[in-house]
Amino acid sequence: MTIPIGIDCIALAAPQGYLDLTDLAEARGVPPGKYVEGLGVRRMAVAQPWEDPVALAANAASRLLSDPSIDRARIGLCIVGTETAVDHSKPIAAWLHGLLGLPQPARAYDARHACFGGTAGLLTAIDWIASGSARGRTALVVCSDIARYELRSPGEPTQGAGAVALLISERPRLLAIEAGTSGSYSRNVDDFWRPLDRKEALVDGQLSVQCYLDALGGAYSEWKKVAPAGALARRCYHVPYGKMARKAHRHARRIDGLTDQEADDSFAAEVAPSLLLPAEVGNVYTGSLYFAVASLLRAEAAVLEGQRVGLFSYGSGCTAEFFAGRVAEGAAALCAGLDLAQPLSSRRRYSIAEYEAIRAADTQPDHAWRGSGDARPGEFAFVGLEAGARRYLQAR
Ligand code: HMG
């Protein structure tokens, strides 16, 4: 019998503040319904200069490792999925390795393909364990991103920020992934990209929606050919904004032969619980799918133990994968103890003036920043450059 491999534990991190999308709608002269119902967005996390993708990754990972049942000395692989790296060469994984005191005999690197980098890390970690290379060790996979588009552009209400840390192991306590039976899809498209000199992404919004749906169609159809038969109790999609998951579900269920009405009727049960936490932070790029997984487990692990969940990951450019997992027995009790939404519980609602000031500060070069800002005790912060190199500290 093959030993199950998958997500053993999960932890989230988010910046301390967010923008309410009704405030943004008012400031931009847009009916709030366009953002709230039209795009299905509620709040978007806004990162301050000290809350960079390294600090967010370290906050999620240190929260994960604070679980007393996790032995950091057994971590043999650390992969960070990100598309908003802070250096063209040095990976976030290297800083993470140092900040968290991971074992020296470990492999640590970043995986990059737009929003797909986290899934690339997860699937690589599963293959690493399945191949025997892990020799009984575990893998840490962290997704960390800050999604930025130009102010006043159509993409503005679909920004966000945050990080997710996943521990991947044999006999996982949360979600066993069905290894070797995923459906893949790739194609060279110019739907979304970020030139090396820019912090803000460029996007052909309507094309990106179509590319996402084409990739979902391709990956899902392939998955249906190769995966074991059996129904999916729930589905988690990459969530750039809530409405996209609704469009995705309709598209996938059409392939199953459902009418649009039948697909829409199944949305509340099959997808909506996975959208609660993504609606708190907005698009977290690599982390969006795993915020959705955390949201689903937090809301419904008790009824899903032993049941199968579908996962769809999309990275612009593009590559995509549809795969499935089974919720582990005991996952509900573990999730209750993890208090997954705690990092989202005491955040500040920024005014439009504060949000725009944060974005203006973003245009300053990194060497202009000094200090740990308002980092709370225990949180990691980017504190500026020293001899040209980025420095971090954990606030006391
Ligand atoms: P837009 O110009 O706001 O689009 O751009 P729209 O005018 O078509 O309006 C959006 C929806 O609001 C429509 O509904 C309207 O009917 C509705 P839909 O036809 O889609 O069902 N609407 C209203 N509803 C209620 N009350 C109203 C009202 N007015 C209009 N008063 C777009 C939307 C998503 C294109 C834009 O925000 C954008 O460019 N976002 C960034 C790109 C993006 O998120 N793309 C998603 C797919 S690609 C992806 O997921 C990859 C990504 O995560 C990056 C990566 O892989 O790394 C982005």
Side-chain angles (χ1 to χ4, degrees), residues 21-22 24-26 28-42 44-45 53 81-85 110-121 143-162 164 185-195 198-217 219 236-251 260 263-264 267 275 278-279 281-292 311-322:
L21 270 301
T22 58
L24 184 66
E26 192 188 334
R28 300 293 179 249
V30 168
K34 162 141 193 201
Y35 290 170
V36 178
E37 281 92 43
L39 292 175
V41 289
R42 215 175 130 236
M44 63 186 204
T82 187
E83 66 176 279
T84 47
D110 286 2
R112 191 174 71 97
H113 184 141
C115 297
F116 187 78
T119 300
C143 313
S144 184
D145 274 305
I146 299 174
R148 297 182 187 92
Y149 301 98
E150 270 180 21
L151 299 195
R152 296 173 186 80
S153 71
E156 186 179 30
T158 65
Q159 301 175 108
V164 186
Y185 175 99
S186 294
R187 191 173 141 220
N188 180 15
V189 287
D190 294 317
D191 62 334
F192 166 106
W193 65 103
R194 190 169 66 85
R198 289 181 63 105
K199 277 192 173 170
E200 292 148 343
L202 299 176
V203 62
D204 182 338
Q206 302 301 341
L207 175 68
S208 76
V209 171
Q210 193 51 52
C211 289
Y212 176 121
L213 294 176
D214 291 347
L216 170 61
C236 295
Y237 299 98
H238 169 54
V239 197
Y241 53 95
K243 178 65 126 352
M244 190 69 234
R246 188 178 278 278
K247 288 178 195 273
H249 189 61
R250 200 184 252 203
H251 195 71
D260 287 352
D264 290 351
F267 179 84
L275 300 181
V281 288
N283 194 353
V284 183
Y285 287 162
T286 52
S288 289
L289 172 62
Y290 302 99
F291 262 80
L311 291 88
F312 175 66
S313 183
Y314 176 73
S316 283
C318 72
T319 197
E321 197 112 356
F322 196 97

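Whatever order the structure lists them in is the order used to number ligands and atoms, beginning at 1.
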Starting from [atom], locate the nearest protein heavy atom and write down its residue, its atom name and how far away it is, to 0.1 Å.
atom	result
atom 36 (C) of ligand 1	P154 O, 3.4 Å
atom 4 (O) of ligand 1	Q206 NE2, 3.5 Å
atom 50 (O) of ligand 1	P240 CG, 3.1 Å
atom 25 (C) of ligand 1	G33 O, 3.2 Å
atom 38 (C) of ligand 1	G155 CA, 3.8 Å

query: Can R246 be said to sit on top of F267's aromatic six-ring, NZ or CZ under 6.0 Å from centre and within 45° of the ring axis?
result: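 Yes, cation above the ring, under 6.0 Å and within 45°.
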Candidate with minimal heavy-atom separation from [atom], of [options]:
atom	options	value
atom 12 (O) of ligand 1	A25, G38, S153	G38
atom 20 (O) of ligand 1	R246, R194, E83, K247	K247
atom 58 (C) of ligand 1	W193, Y149, Y314, Y241	Y149
atom 10 (C) of ligand 1	L39, T286, V209, V30	L39
atom 40 (N) of ligand 1	D204, V36, V203, T158	T158
atom 39 (O) of ligand 1	P157, S313, G205, A320	G205

So is [X] polar-close to ligand 1, meaning N/O to N/O under 3.5 Å?
X	value
H238	yes
C115	yes
S208	yes
K34	yes
Y212	no
E37	no
K243	yes

- request: Can you confirm whether something in the protein, heavy atoms only, sits under 4.0 Å from atom 15 (C) of ligand 1?
  value: no
- prompt: Under 4.0 angstrom from atom 32 (C) of ligand 1, is there any protein heavy atom?
  reply: no
task: Could you tell me whether F116 and Y285 have their ring centroids closer than 6.0 angstrom?
output: no
- line: Exactly one of R194, R198, K199 clears salt bridge (charged side-chain N to carboxylate O under 4.0 Å, His left out) with E150, and that residue is R198
